[in-house]
Chemist: 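Got a structure for you, questions after.
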Protein chains: 2
Amino acid sequence: MLEADMKSGIKNIVILGAGNVGTHLAWAFRDADFNIAQIVGRSEAVVAALATDVGADHTSSFSEVKKGHDLYITALPDHAMEEVLPKLGLADELLVHTSGSMPLEILKPYSENIGVFYPLQTFSRKRKINFKEVPLLLEANRMDNEDRLLEAGKSISGNVRVVDSAQRQAIHIAAVFASNFSNHMYEIARQILDVHKMDFDLLIPLIKETASKAAVLGPGNSQTGPASREDMETIAKHLQALGENPGARELYKRITQNIIDQSGQSDDKL
Amino acid sequence: MLEADMKSGIKNIVILGAGNVGTHLAWAFRDADFNIAQIVGRSEAVVAALATDVGADHTSSFSEVKKGHDLYITALPDHAMEEVLPKLGLADELLVHTSGSMPLEILKPYSENIGVFYPLQTFSRKRKINFKEVPLLLEANRMDNEDRLLEAGKSISGNVRVVDSAQRQAIHIAAVFASNFSNHMYEIARQILDVHKMDFDLLIPLIKETASKAAVLGPGNSQTGPASREDMETIAKHLQALGENPGARELYKRITQNIIDQSGQSDDKL
């Protein structure tokens with residue numbers, strides 16, 4: 001009977017970290033009628049605000065984390081886990097991290113039941129998202145833990161899958177390119193327009209169509225522009241115009257070269 | 001009376017070039033009930049197909065372009081214009097190009113009435129788009145020509161503005177970053193997943209949210225990930241994992257450095 005209880009669904013959740021990931025996970029679990037038992041994090045004010053928001057207790061002391069709950073999710077920065085997790089004093093409570101780049105094994109010293117609960121999305125506290133559409137990438141040290149995480153995951157996301165640590169790291173690197181780096185491309189574009197007193201809004205239809213087109217045709221079939229048609233004259237003009245912006249100029253050169261190296265000629269036109 | 005006629009609205013349009021831009025412009029004007037008088041381009045088969053599609057005549061001989069129509073739009077590659085446009089033998093017909101990087105003046109030798117009609121979008125023939133949302137950036141050598149282009153532009157797009165050649169070049173460079181280069185980031189991400197036998201579809205919610213978030217918060221406020229929080233440990237891991245992919249590794253390094261150079265620290269997390 002005790003074992004059956006232990007294997008039953010997750011109800012009470014402790015969340016460590018009240019940053020972007022911790023906040024969005026707390027919201028998602030609250031919205032799916034889980035009980036957020038406690039929010040734990042360094043900053044008293046931030047932790048208190050999120051705790052109020054999701055109806056949880058809170059503490060800024062990691063040694064005061066309540067034991068015996070169904071799931072402990074750390075959404076702490078990677079480098080903070082090693083320092084903080086020993087303070088929890090967990091025995092066999094299910095403990096998961098949310099990191100794209102950390103292997104499952106780093107949790108071994110802290111509990112017998114461990115896993116990973118990695119939401120593949122870019123989160124900002126300022127912006128609500130539909131968590132149902134966020135891919136949730138899970139891993140666990142045992143089948144029964146995997147089942148428990150799958151069940152909990154499926155109640156907040158419609159896109160849950162099990163991946164191992166090596167796959168998750170590849171996904172994380174891919175996500176850096178697809179999200180962080182494409183956003184930086186937008187930011188450089190914004191700066192270029194800004195110099196000429198033009199608004200970033202001008203580019204929004206283009207940015208949205210670029211994302212939608214890649215989703216439908218695949219990015220390989222979607223590439224347009226001077227680099228993909230090896231239009232060296234336009235490329236030379238652009239590099240000259242970027243003369244006063246050495247960072248952007250260097251990136252223009254490198255990315256253009258990489259596109260040319262990878263693709264045959266194309267008649268596409270931006 | 002003759003002058004009044006000349007100043008009145010554009011009805012009959014000749015389109016030079018049946019590539020991505022020519023095709024989408026022909027579709028947009030047809031859908032807005034203009035008469036596409038003729039489609040002109042090198043490839044007989046491509047030109048004939050588009051002409052049939054929009055109910056136009058067609059020719060693959062540039063010296064057989066019909067004179068006296070209201071608007072001639074060249075959607076030819078930049079380098080082809082110099083060769084092809086002298087063959088048209090236009091006198092004062094309104095002639096516009098669609099290039100982001102070419103100044104208005106290059107059309108001077110070919111007509112007294114010239115302009116630019118630059119649609120700021122990434123076009124592929126395979127993909128229909130809502131032209132009403134495409135920003136149309138116009139320029140003309142005279143006020144009356146500007147008025148005619150504005151009127152024609154507003155009948156196919158809800159976002160028409162006049163910009164000069166210097167602004168248009170800046171917009172074109174910004175568009176290369178925001179669209180061509182972000183799409184190349186998607187492509188590198190696709191390749192990384194492919195090595196690990198995972199599907200690009202996994203990244204689509206992330207890519208769409210990244211685009212939407214930048215549109216709402218601005219890209220500067222949207223940056224997340226290892227570079228923006230200067231997480232050197234994760235960056236080092238990623239660079240090591242990219243060891244077998246020197247092109248992607250080099251871009252990872254450069255773009256990360258540029259993000260670090262530009263931003264303060266952030267607590268955002270991918």
Side-chain angles (χ1 to χ4, degrees), chain A residues 19-21 101 120-122 127 129 133-135 167 169-170 173-190 192-193 196 202-211 213-215 219-220 222-225 227 234 237-238 241 247 251 254-255 258-259 267-270, chain B residues 19-21 101 120-122 127 129 133-135 167 169-170 173-190 192-193 196 202-211 213-215 219-220 222-225 227 234 237-238 241 247 251 254-255 258-259 267-270:
Chain A
N20 293 317
V21 173
S101 57
L120 179 60
Q121 190 50 280
T122 170
R127 187 168 157 83
I129 53 158
E133 290 171 8
V134 176
Q167 286 176 312
Q169 193 195 38
I173 298 172
V176 167
F177 278 94
S179 174
N180 305 156
F181 289 176
S182 63
N183 186 72
H184 189 57
M185 300 299 117
Y186 306 158
E187 172 60 12
I188 294 174
R190 189 197 63 72
I192 292 168
L193 292 187
H196 292 260
L202 190 58
L203 295 172
I204 291 175
L206 176 64
I207 285 172
K208 293 207 166 167
E209 169 63 10
T210 302
K213 186 161 78 158
S222 300
Q223 192 68 53
T224 59
T234 300
K237 268 194 233 172
H238 286 179
L251 288 183
R254 298 266 171 181
I255 299 168
N258 212 58
I259 293 171
D267 70 340
D268 286 356
K269 189 168 179 180
L270 180 75
Chain B
N20 293 317
V21 174
S101 56
L120 179 59
Q121 189 50 281
T122 170
R127 187 168 158 84
I129 53 156
E133 290 170 8
V134 176
Q167 287 176 312
Q169 191 194 41
I173 298 172
V176 166
F177 278 94
S179 175
N180 304 155
F181 290 176
S182 64
N183 186 71
H184 189 56
M185 300 298 118
Y186 306 158
E187 172 60 10
I188 294 173
R190 189 197 64 73
I192 291 168
L193 291 186
H196 291 261
L202 191 57
L203 295 173
I204 290 174
L206 176 64
I207 284 171
K208 292 206 167 166
E209 170 62 11
T210 302
K213 188 162 76 158
S222 299
Q223 192 67 53
T224 60
T234 299
K237 268 194 233 171
H238 286 179
L251 288 184
R254 298 266 171 183
I255 298 169
N258 213 58
I259 294 171
D267 70 340
D268 286 356
K269 190 166 178 181
L270 180 73

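Small disclaimer: the values here were computed from a predicted structure and weren't measured. Here is how names work: the chains are called A, B, and so on, in the same order as the sequence lines, proteins then strands, and each is numbered from 1.
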Chemist: Any pair with a residue in residues 175-188 of chain A that passes salt bridge (Lys or Arg N to Asp or Glu O under 4.0 Å), sequence neighbours left out, goes on the list, sorted by first then second residue, please.
Modeler: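 Counting only pairs at least two positions apart or across chains, the salt bridge (Lys or Arg N to Asp or Glu O under 4.0 Å) contacts touching residues 175-188 of chain A are A:E187-A:R190.
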Chemist: Relative to chain B, which segment of A:I255 carries a heavy atom at a distance below 4.5 Å: side chain, backbone, both, or neither?
Modeler: both
Chemist: Can you check side chain to side chain contact (heavy atoms under 4.5 Å, CB included) on A:N258 and B:I188, steps first, answer last?
Modeler: CA-CA 10 Å; A:N258 212 58; B:I188 294 173; 3.9 Å; yes
Chemist: Is it the side chain or the backbone of B:I173 that comes within 4.5 Å of chain A heavy atoms, both, or neither?
Modeler: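 Both parts, backbone and side chain.
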Chemist: Could you state the interatomic distance from OG1 (A:T210) to NE2 (B:H184), rounded to the nearest 0.5 Å?
Modeler: 14.5 Å
Chemist: If the threshold is 4.0 Å, N to carboxylate O, is there a salt bridge linking B:R127 and A:E209?
Modeler: yes
Chemist: Taking every non-hydrogen pair under 4.5 Å, which of B:E133, B:K208, B:Q169 racks up the most with chain A?
Modeler: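 The candidate making the most pairs under 4.5 Å is B:Q169.
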Chemist: Measuring from A:F177:CZ to B:S182:OG, what's the distance to the nearest 0.5 Å?
Modeler: 13.5 Å
Chemist: Closest approach of B:K237 and A:S101, non-hydrogen atoms and distance?
Modeler: NZ-O, 3.2 Å
Chemist: Sequence neighbours excluded, which residues qualify as side chain to side chain contact (heavy atoms under 4.5 Å, CB included) partners of B:P205?
Modeler: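 So B:P205 forms a side chain to side chain contact (heavy atoms under 4.5 Å, CB included) with A:Q121, A:P135.
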Chemist: Rounded to the nearest 0.5 Å, what's the gap from CD1 on B:I259 to CG on A:L251? Could you check?
Modeler: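 If I round to the nearest 0.5 Å, the distance is 9.0 Å.
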Chemist: Any idea which heavy atoms bring B:A178 and A:Y186 closest together, and the distance?
Modeler: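 Of all heavy-atom pairs spanning B:A178 and A:Y186, the closest is O-CE2, 3.6 Å.
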Chemist: Pick one of side chain, backbone, both or neither for A:I204, based on which atoms fall under 4.5 Å of a heavy atom in chain B.
Modeler: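 The side chain, not the backbone.
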Chemist: Which atom names give the shortest non-hydrogen contact between B:A174 and A:A189, and what distance separates them?
Modeler: O-CB, 3.3 Å
Chemist: Taking all non-hydrogen atoms of both residues, which atom of B:Q223 and which atom of A:N180 are closest, and how far apart?
Modeler: NE2-O, 2.8 Å
Chemist: Between B:T122 and A:T224, does the side chain to side chain donor-acceptor pair (under 3.5 Å) criterion hold? Intermediate values first, please.
Modeler: CA-CA 7 Å; B:T122 170; A:T224 59; 3.0 Å; yes
Chemist: Between B:L193, B:N183, B:T234, B:L203, which residue shows the highest count of heavy-atom pairs closer than 4.5 Å to chain A?
Modeler: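 Answer, by heavy-atom pair count under 4.5 Å with chain A: B:N183.
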